[in-house]
There are 2 protein chains.
Amino acid sequence: MGTTQLDTVPEPKYWHLKTVLSDALDSEFAVGEILPNERELAARFGVARATLRQALEQLELEGRLQRRRGVGTTVAPPRVGVAVGDYTHTWTEAGDDTWSCVDSVEAVPPAAVVRLLDTDPDAPVHQVRRTRVSQGQPLAAELLYVPAASVPGLAAIDTPSGLARARAVLRELGRLKLEGREQSVELGSARADDAKELDRLPGAPVLVVTTRYVAENRTAAVAVATYRADTCRLTFGDANGDANGVELLAG
Amino acid sequence: MGTTQLDTVPEPKYWHLKTVLSDALDSEFAVGEILPNERELAARFGVARATLRQALEQLELEGRLQRRRGVGTTVAPPRVGVAVGDYTHTWTEAGDDTWSCVDSVEAVPPAAVVRLLDTDPDAPVHQVRRTRVSQGQPLAAELLYVPAASVPGLAAIDTPSGLARARAVLRELGRLKLEGREQSVELGSARADDAKELDRLPGAPVLVVTTRYVAENRTAAVAVATYRADTCRLTFGDANGDANGVELLAG
DNA sequence: AAGTGGTCTAGACCACTGT
DNA sequence: CAGTGGTCTAGACCACTTA
């Protein structure tokens, strides 16, 4: 298997520390259990606190730990599998694991989104903010960009803004017959507003899912959803008949 | 748009620094250009080097920068879109953007993979190592787990190990008629062996794509591919007719 | 050999959470 | 309030690349 070469390169301390801690998590700790605080752990391992933190950071990145300021470091449960590749809950708003609207405004989208929408760079579009929650835990925050052309039935002065308006946009969007969809996933860091929805600090690692919805041979809408990278595993089922959206890839 | 509230919470220095640097990258630097070194940048902004590094780290995570020890920090090109959701190049080995075999051994897979394979926990399986390269840049390292039952035509003593054996396993695997596939994406950190293939340091952030191949109502194989999170954007096309695997979501 | 980013230290203070 | 994790400093040394 792996290179059994005698490490000519000495392993960094934090890397070794991470391995030791990881093993300890498997054998000596239960999910939800709280670890000794950072100062004590650092002392116990004979390293500076910064070095210990480097190890903890990696373990949190891998979804093994959860750190909360003022509280402590706890052992994280296994990541939740979140379906992002099926059509079942696209615009609907019902059940435990679906999107729920927050609000809506009309504004000019960022340049990156304009490229996908192929609208006028200065043309305002409907922006609908949604969040996805499962089992009480916030999973994702989304910003949906809907050109006015995609919701012709929506009177501009229908409702000024807010939740009612968001629902109105989605209702109109539901009339469209989707012909296809393109998605991409990349690593990002949470913007301040998203971080707030996700109950994380700004800059927290997130998986950014960009979806381009195609209808009538045009881009009907673009969604940019940021999922908590520490707690989520995104699933793209191809031949699975899972009823609800949240399901594990493993048994 | 953004909360225009007067920040009751003072912004961390590294966060503000990141914003400033990000803007500078957009306006004053070209792709591939080399930045001033960390010590000088830190002095220029009047912060400790560790603080500056925290900002650089985030920008690297977002794919804006590329740091190489002994060389310097350069402005990264936009992320490459990598198709992971189509069937075209599954076992084949040809062209610029495909998998190329490295070697193969027979060994007992880790527990997490055993759960997906539903084989005996102690039963060895064929493991094929592959790498995915595009435009000279390594994109991903993969470990394919193939139970002996999926490749009945392969004599156990066909070839001892190495590249020839890897090709033999894939050839036999090609005889199977795939019925479906399940994929998941999650954030991870590169193991030492993967990091070497990806030309990164151990612990570098990666997107781990786990694929379960289904044939004849059984799990034919499981692939665990780790993509460089800094340089890759994974695309899951649903209605796109892109010929080659590497294509942008945007135009 | 010089210059780069990567690791590590031993402190300090701040922001947040609970009681 | 005491205790937690988050930020920040000013140094030091190491590993690596390039010339």
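Throughout, protein chains are lettered first and strands after them, A, B, ... in sequence-line order, and every chain is numbered starting at 1.
A:Lys18 places its NZ atom 16 Å from the C1' atom of C:dT7, with the value rounded to the nearest Å. Counting to the nearest Å, the C1' atom of C:dC8 and the CG atom of A:Leu17 are 12 Å from each other. One can place CG of A:Leu52 at 17 Å from P of C:dG11, the figure rounded to the nearest angstrom. Atom CG of B:Asp199 and atom C1' of D:dC16 are 13 Å apart (whole Å). Across the protein-nucleic acid pair, A:Gln66 atom CD and D:dG5 atom P stand 13 Å apart, rounded to whole Å. Protein atom CD1 of A:Ile34 is 8 Å distant from nucleotide atom C1' of D:dT4, rounded to whole Å. Rounded to an integer number of Å, the gap from CD of A:Glu11 to P of D:dC14 is 18 Å. In this structure, the CG atom of A:Leu65 is 16 Å from the P atom of D:dT4, given to the nearest Å.
Note on B:Asn37: every side-chain N or O is 4.0 Å or more away from OP1 and OP2 of C:dG3. Between D:dT4 and A:Arg67, no contact under 4.0 Å exists linking OP1 or OP2 to a side-chain N or O. Close to C:dT7, at under 4.0 Å from its OP1 or OP2, lies no side-chain N or O of A:Thr51. Not one side-chain nitrogen or oxygen of A:Arg68 sits closer than 4.0 Å to the OP1 or OP2 atom of C:dT17. The shortest distance between the side-chain N/O atoms of B:Thr73 and the OP1/OP2 oxygens of C:dG5 is below 4.0 Å.
Of the candidate nucleotides C:dG5, C:dT9, C:dG18, C:dG18 has the atom nearest to the side chain of A:Val71. Checking D:dG5, D:dT9, C:dT4 against every side-chain atom of A:Arg69, the shortest atom distance belongs to D:dG5. When distances are taken from the side chain of B:Glu38 to each of D:dT18, D:dG5, C:dG6, the shortest belongs to C:dG6. Side-chain proximity of B:Arg49 to D:dT9, C:dT9, C:dT7: nearest is C:dT7. When distances run from any side-chain atom of A:Arg39 to the nucleotides D:dT4, C:dT9, C:dG5, the shortest one goes to D:dT4. Taking the side chain of A:Tyr14 as heavy atoms from C-beta on, and the options C:dT4, D:dG5, C:dC8, the nearest nucleotide is C:dC8. Across C:dG5, C:dG18, D:dT7, the shortest atom-to-atom separation from the side chain of B:Pro12 is found for D:dT7.
Residue B:Leu56 is out of contact with every strand shown, counting any heavy-atom pair closer than 4.0 Å.
The NE2 atom of B:His16 sits 14.0 Å away from the OG1 atom of B:Thr51 when rounded to the nearest 0.5 Å.
Between A:Leu61 and A:Pro205 there is a side-chain heavy-atom pair separated by less than 4.5 Å. Residues B:Leu116 and B:Tyr145 form no side-chain contact, since every pair of their non-hydrogen atoms from C-beta on lies 4.5 Å or further apart. Between A:Lys13 and A:Gln54 the shortest side-chain heavy-atom distance does not fall below 4.5 Å.
Open room surrounds CZ on A:Arg68; 12 or fewer heavy atoms of other groups in view lie less than 6.0 Å from it.
Between A:Phe236 and B:Phe236, the two ring planes are parallel [angle under 30°; tilted spans 30° to 60°].
Nearest-nucleotide positions on DNA chain C for B:Glu60 and A:Val47 put B:Glu60 closer to the 5' end. Across the interface with DNA chain C, nearest-nucleotide mapping of B:Pro202 and B:Gly72 shows B:Gly72 to be the residue nearer the 5′ end.
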